[in-house]
K.L.:
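The structure is given below, and queries will be raised subsequently.
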Protein chains: 2
Amino acid sequence: AGEQWLEDSAWPEGTVGRLMEEPVAVFAAGTRVHEAVDALRDAVRHTLITYIYVVDTSDRLVGVVAFRELLYAAADDTLADVMVRSPFALKPDMELFDAMHEVVTRHYPVYPVCDDDRRLIGVVRGSVLFEQQAYEISAQAGSMVGVEKEERTATPWLRALKFRHPWLQLNLFTAFIAAAVVGTFQDTVNRIVLLAVFIPVLSGQCSNTGCQALAVTLRGMTLGELRAGQAAALMAKEALLGFANGALTGLVAAIGMFALATMQHHPQPGMLASITFVAMVASCAISGVAGAAVPLALKRLGADPATASSIFLTTATDVVSMALFLGLAAWLIA
Amino acid sequence: AGEQWLEDSAWPEGTVGRLMEEPVAVFAAGTRVHEAVDALRDAVRHTLITYIYVVDTSDRLVGVVAFRELLYAAADDTLADVMVRSPFALKPDMELFDAMHEVVTRHYPVYPVCDDDRRLIGVVRGSVLFEQQAYEISAQAGSMVGVEKEERTATPWLRALKFRHPWLQLNLFTAFIAAAVVGTFQDTVNRIVLLAVFIPVLSGQCSNTGCQALAVTLRGMTLGELRAGQAAALMAKEALLGFANGALTGLVAAIGMFALATMQHHPQPGMLASITFVAMVASCAISGVAGAAVPLALKRLGADPATASSIFLTTATDVVSMALFLGLAAWLIA
């Protein structure tokens, strides 16, 4: 009987099939309650049996019986008389996240797993499912910055290097794109070095504003809250949030710019402050939209919505914010 | 009986007490099996009863019986004869994460909750515990950038603004610190504008390298892998990883700097490239250490290790990397 279970690995990682155990208490529907009770008398001593599964002549799952029901049934009842019919079952090729959304309101200790013909092929403990999900979800924050799901604190450093490094090279490549934007406006920065001082401020604000939107969107996808057709509404909300957050932080940044420019006797402190404000508001609004859009786009492309999402996002926010900030300065300051 | 349960909210959020339900099947140790079976005959029709709890005369939990055991017991046995003695129990004031580490290898469908005197005060379903943990863990990526745990995609925008905004103002304040560093070296940037072009590259690399270390450390803390006394080893490993990653990405960045400086006829392209390399290696190594240190420090200070951790981290990496990069340039380039 165990041979089926040696082949667990045939199911792809991250699917229900990988977590299956063998169902031990399986009976035909015509079995009498006293027969089932007798048959399990020894098994319950050494195996944790929670439910009895009832199958038809083609091994299709037709019902489930708990020991509670056996206890209160008449000895001559058949399992068909006392079973819960058409029980809920998972499928072996289900992704864990999809399975979680199915079971989250059910709270059964064990779930049967059936193939497309409803043949019972295994069981999965609810706690194993939830434990696995905790493991998967806890990998997300790392995934966003290019850490593989398998990496733990005990992973040897060379292995961690091999996993993390390619994403850092990608990050470097995307940073070059942002640098190219700054490079385009080198003459402007040359004239007004104060702009260089504000580059990290703008970059940091946009990145954090965007990452807030990214994290909330990813969480919504993880917890199954995001219904089809809600993407546009979510992006509109994040645009509004980015706009409001950008306006309030932009005001503070503009005051800072005004003070610095005045101290350094720049001829146009008001214009510099205005450019800082406008660049901050617009960039933060765009960062909010981008934060929501990146994981949605990754999912649509068939990728994991978390993977390297933060790297893609900060590239977008850096390019947009610097082009806006330096572009406005090049255009408006003589 | 329900009145105890109205007071659930007396337990702090994030504790086991908040998730408790009332234990319905509670019997004295001397109860006969047939008495218990009869007493529960009606209750099982409308309530999901998984275990029978056995208490002594002072309401202290002394054993647990499953229906499986009742089914196979003699009718005249007492519950004391068939119960599992000294069962595992949770405490109501336990933090959810601590409770998770206790139950993760147990996989019971329901856990009894006892006070310090082992009096049975409630039960918690394993699936509720795991579901709550999934909810908590899924909040971490947002927590790192200043999103409250309660925020969901459906949270109204004004409420989200209220929660998120203070952290963005903090982020702005810390960005000013990084800007002040750049400001200190304004003359150097004025002389060599190419340095301004590389500021976002350096900042982005250090931030991502540090966030990888941060995410892995936080995950280790979440999954209970980090034992006392391992903090130093973890920081050493992240220093090594940051060094290696910084050396490899620093090489690429240095080549980029050399090419740009040569194209722009800068007199010292080799020196600029060397400075870029050294700043990248050292900053990435420090970012790795900081990534591991920030959540450990937050926890030691009694705060949630995830909260705003990314904001604190990027401040540190920005300040260090820019001071190194611009400082070396100011010192070494005539």
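Letters A, B, ... are given to chains in the order of the sequence lines, protein chains preceding strands, and every chain is numbered from 1. Keep in mind that this is a model prediction, so the values were computed, not measured.
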K.L.:
Under the 6.0 Å and 45° cation-pi test, does Arg152(B) pair with Tyr135(B)?
P.N.:
no
K.L.:
By side chain to side chain donor-acceptor pair (under 3.5 Å), which residues pair with Glu69(B), not counting sequence neighbours?
P.N.:
none
K.L.:
Salt bridge between Arg164(A) and Glu148(A), side-chain N to carboxylate O under 4.0 Å?
P.N.:
no
K.L.:
Sort out for me which of Thr314(B), Thr209(B), Thr222(B) touches chain A most, counting heavy-atom pairs under 4.5 Å.
P.N.:
Thr209(B)
K.L.:
May I ask you to decide whether Glu150(B) forms a salt bridge with Arg159(B), counting only side-chain N to carboxylate O separations under 4.0 Å?
P.N.:
no
K.L.:
Considering only heavy atoms, which portion of Leu234(B) lies under 4.5 Å from any heavy atom of chain A: side chain, backbone, both, or neither?
P.N.:
side chain
K.L.:
Report which part of Leu161(A) has an atom under 4.5 Å of a heavy atom belonging to chain B: side chain, backbone, both, or neither.
P.N.:
both
K.L.:
At a heavy-atom distance under 4.5 Å, which candidate from Leu248(B), Ile177(B), Thr315(B), Val147(B) has the highest pair count against chain A?
P.N.:
Leu248(B)
K.L.:
Side chain, backbone, both or neither: which part of Leu202(A) has an atom under 4.5 Å from a heavy atom of chain B?
P.N.:
neither
K.L.:
If you count heavy-atom pairs within less than 4.5 Å of chain A, which of Val197(B), Leu194(B), Val182(B) leads?
P.N.:
Val197(B)
K.L.:
Does any backbone or side-chain atom of Met257(A) lie under 4.5 Å from a heavy atom of chain B? Answer side chain, backbone, both or neither.
P.N.:
neither
K.L.:
With Ser309(B), which residues qualify under side chain to side chain donor-acceptor pair (under 3.5 Å), at least two apart?
P.N.:
none
K.L.:
Under a 4.5 Å cutoff for heavy-atom pairs, which residue among Gln140(B), Glu238(B), Met144(B) has the most contacts with chain A?
P.N.:
Glu238(B)
